[in-house]
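Below: one structure, written as C-alpha cells.
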2 protein chains.
Amino acid sequence: MEDGTVERVRPRDRILETAQDMFHKHGIKGVGIDAITEAAGTNKMTLYRHFDSKDDLIIQCLRATACKAGAIWEKFEIQHPGDKLAQLHAWVRMAADCLTADGRGCDMANAAIELTDADHPARRVIKELKEAQRDRLVTLCRDAGIGQAELLADTLSLLLEGARVSVQSVGTEGPSAQFVRMAEGLIVSFRGTAAG
Amino acid sequence: MEDGTVERVRPRDRILETAQDMFHKHGIKGVGIDAITEAAGTNKMTLYRHFDSKDDLIIQCLRATACKAGAIWEKFEIQHPGDKLAQLHAWVRMAADCLTADGRGCDMANAAIELTDADHPARRVIKELKEAQRDRLVTLCRDAGIGQAELLADTLSLLLEGARVSVQSVGTEGPSAQFVRMAEGLIVSFRGTAAG
DNA sequence: TCGTGACGTTACAGACCGGTAACACCCTAG
DNA sequence: CTAGGGTGTTACCGGTCTGTAACGTCACGA
C-alpha cells in the first residue's frame with residue numbers, strides 16, 4: 001500500500017509549476033515571490049527552502065519548460081516514425097499552433113529580453129537551451145534530406161521567433177498569420193536545391 | 001537675437017532622450033524614475049511636470065524612437081532616389097547593421113513583451129507604430145515590383161524581428177548571423193515570381 | 001514515545017518603487 | 001523693479017519587492 005495512495009503533489013513541484021505559468025503569463029519582473037507562493041498554495045519560507053533565490057527559481061523554471069518542450073520532439077518521432085520530412089512539417093504545424101494558442105511567446109526569449117543584465121545567471125542557461133533547440137532543428141532538417149540544413153533551420157528559427165514576438169506586438173492578424181505559408185514555402189524551396 | 005543663441009537643451013528633451021536610452025538598455029521595468037532623472041541631470045518633480053506618469057513617459061519615448069526610425073526611410077529615398085529595389089536592399093543592410101550594433105532588439109517589441117497587461121496604454125501605441133512600419137515595408141516592396149509584396153514584407157519583418165530577439169538569447173553568432181543571406185535570397189526568390 | 005524533518009505562520013528588515021507637497025530659486029518679459 | 005513661469009530641493013506617502021528570523025505544527029519512522 002505504499003504506492004497508489006493519495007500522494008499529493010509536493011510543494012516544490014507546485015511552486016515550479018505555478019511559477020512557470022505565472023512567469024509565462026505576466027513576465028519575470030511582473031510576478032513577485034508572494035504572488036507565486038500564494039497561487040501555489042504555500043508560503044514564502046517553503047519556497048526559499050527549495051530555491052536559493054528568485055534567480056534560482058527562474059533558472060529551474062526555464063529548465064523545466066525546456067524539458068517539456070523537448071518531449072514534443074519525441075511525439076514527432078512517434079507520430080511519424082522514420083519520416084523526418086513529415087516530422088519537419090509537424091514542427092511547422094506545432095509552431096503555428098503555438099502562435100495562435102496564447103499571445104505570449106517563447107519563455108526563454110522573453111526572459112532574455114527582460115533580464116538585461118549581461119551577467120545574469122539565467123542568461124547562460126537561456127543560451128545553452130536555445131542552442132540545443134537549434135541543434136535539434138538542424139539535425140531534423142539534415143535528416144530530412146535538406147541540402148542547406150543549417151540555413152533552413154536558422155531561417156525557420158528566426159521566422160518562428162519573430163512570429164512569436166510579432167503576436168505580442170500586433171496580434172495574430174499581423175505578419176505572423178502568414179507563418180505557415182512562409183515556412184512551407186521555404187521547405188519546398190530548400191528541397192528543390194537538396195543534394196540527397 | 002532670439003535664435004542662434006545658446007539655448008541649452010530643455011529638461012523635457014533631456015529626460016526624453018535619457019529615458020529612451022535607458023529603457024532601451026535596461027528595459028522598462030528595469031529603470032526607475034529616479035535613475036532617469038538623475039542621469040538626465042534633473043529631478044523627479046520636473047519630470048512629472050512634463051509627463052503625466054511613467055506610462056506616459058514610456059509612450060512618448062516609443063513615439064520619439066519611432067520618429068527617429070522613420071527618418072531612416074527618408075535617407076533611403078535620398079541615397080537611392082526612385083530606385084525602390086535599391087532602397088529595399090538598403091533596408092536589409094540597415095537591418096543587419098542594427099543586429100550587430102547593439103545586442104538589444106526593437107524597443108517596441110521589447111516593450112510589448114515587458115508590458116504583459118493587455119490593457120496597458122502603451123500597447124495601443126506599439127500596435128499602431130508597428131503597423132505603420134509594416135505598411136511602409138509593404139509599400140516599398142510593391143513599388144520595387146515585387147509580386148507578392150505583402151508576403152515578402154511580412155516575411156522580412158518576421159525574420160528581422162526574430163533576428164533581433166535571437167541576438168539577445170544566443171548572441172550575434174547564432175541564427176541571426178545568416179540574416180542578410182536569408183533576406184537577399186528571399187528578395188531574389190520573390191523577384192523571380194514578380195508580375196512587373 | 002520520542003525525535004526528526006518538512007511545512008506553515010507571523011513578523012520583520014532593508015531597499016526600491018511611483019507619485020506628491022511645500023518651498024526656494026532664478027531668469028526673463030513686461 | 002516686479003511678477004511669474006520654469007526649475008531645483010527636500011521630505012514624505014503608501015506600496016511592493018526579495019529575503020530572513022523565530023516559532024508552531026504535523027506526520028511519520030525508529
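Chain A is the first sequence line, chain B the second, and so forth, proteins listed ahead of strands; every chain is numbered from 1.
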B:K127 atom NZ: more than 12 heavy-atom contacts under 6.0 Å: no
Contact summary for B:G105 and B:Q168, nearest pair of heavy atoms: N-NE2, 3.1 Å
Between A:T46 and A:N43: side-chain donor-acceptor atoms closer than 3.5 Å: yes
A:E131 atom CD: more than 12 heavy-atom contacts under 6.0 Å: yes
A:R12 CZ - C:dG5 C1' separation (whole Å): 17 Å
Side-chain donor-acceptor pair present, A:Q60, A:D56, cut-off under 3.5 Å: yes
Nearest-Å distance for atom pair CG/P, residues B:D56 and C:dT20: 12 Å
B:E38 atom CD, neighbour heavy-atom count above 12 within 6.0 Å: no
Gap between atoms CG and P, on A:L47 and D:dC17 respectively (whole Å): 14 Å
Which nucleotide in C:dG19, D:dG19, C:dT9 has an atom nearest any side-chain atom of B:K54: C:dG19
Neighbours of DNA chain C within residues 27-40 of chain B, by heavy-atom distance under 4.0 Å: B:V31, B:G32, B:I33
Side-chain donor-acceptor pair present, A:T65, A:Q20, cut-off under 3.5 Å: yes
Under 3.5 Å, side-chain donor or acceptor atoms of residues 137-146 of chain B against the rest of the protein: list the pairs with distances, not counting sequence neighbours.
residue: B:T139; atom: OG1; partner: B:D135; partner atom: O; Å: 2.9
residue: B:R142; atom: NH2; partner: B:E150; partner atom: OE2; Å: 2.6

For B:H26 against A:K29, the heavy-atom pair lying closest together: O-NZ, 4.3 Å
Length of the CG-P vector between B:D13 and D:dG6, whole Å: 14 Å
Whole-Å gap separating C1' (C:dC17) and CG (B:L57): 15 Å
Integer-rounded Å distance: D:dT7 C1' and B:F51 CZ: 15 Å
Min side-chain heavy-atom separation B:E161-A:E161 under 4.5 Å: no
Flag, side chain of A:R123 to backbone of A:A112, donor-acceptor distance under 3.5 Å: yes
A:R164 side chain to B:G162 backbone, donor-acceptor under 3.5 Å: no
Those residues of residues 115-122 of chain A lying under 4.0 Å from DNA chain D by at least one heavy atom: none
A:V31: hydrophobic cluster co-members (side-chain, 4.5 Å): A:I15, A:L16, A:M22, A:F23, A:I28, A:I33, A:I36, A:L47, A:Y48, A:F51, A:L57, A:I58, A:I59, A:L62, A:M108, A:L115, A:V125, A:I126, A:L129
Residue B:H50, side-chain heavy atoms: nucleotide from D:dT7, D:dG8, C:dC7 that is nearest: D:dT7
Which protein N or O atoms sit under 3.5 Å from an N or O of nucleotides 21-29 of chain C?
none

N/O (side chain, A:T46) to phosphate O (OP1/OP2, C:dG8) under 4.0 Å: yes
Integer-rounded Å distance: D:dT18 P and A:N43 CG: 15 Å
Could you go through nucleotides 11-15 of chain C and list every protein N or O atom that sits under 3.5 Å from one of its N or O atoms, giving the distance for each pair?
none

Contact under 4.0 Å: A:T42 side-chain N or O vs C:dC7 OP1/OP2: no
Matching residue for A:L156 among A:L152, A:L160, A:L158, A:D154 - test: side chain to side chain contact (heavy atoms under 4.5 Å, CB included): A:L152
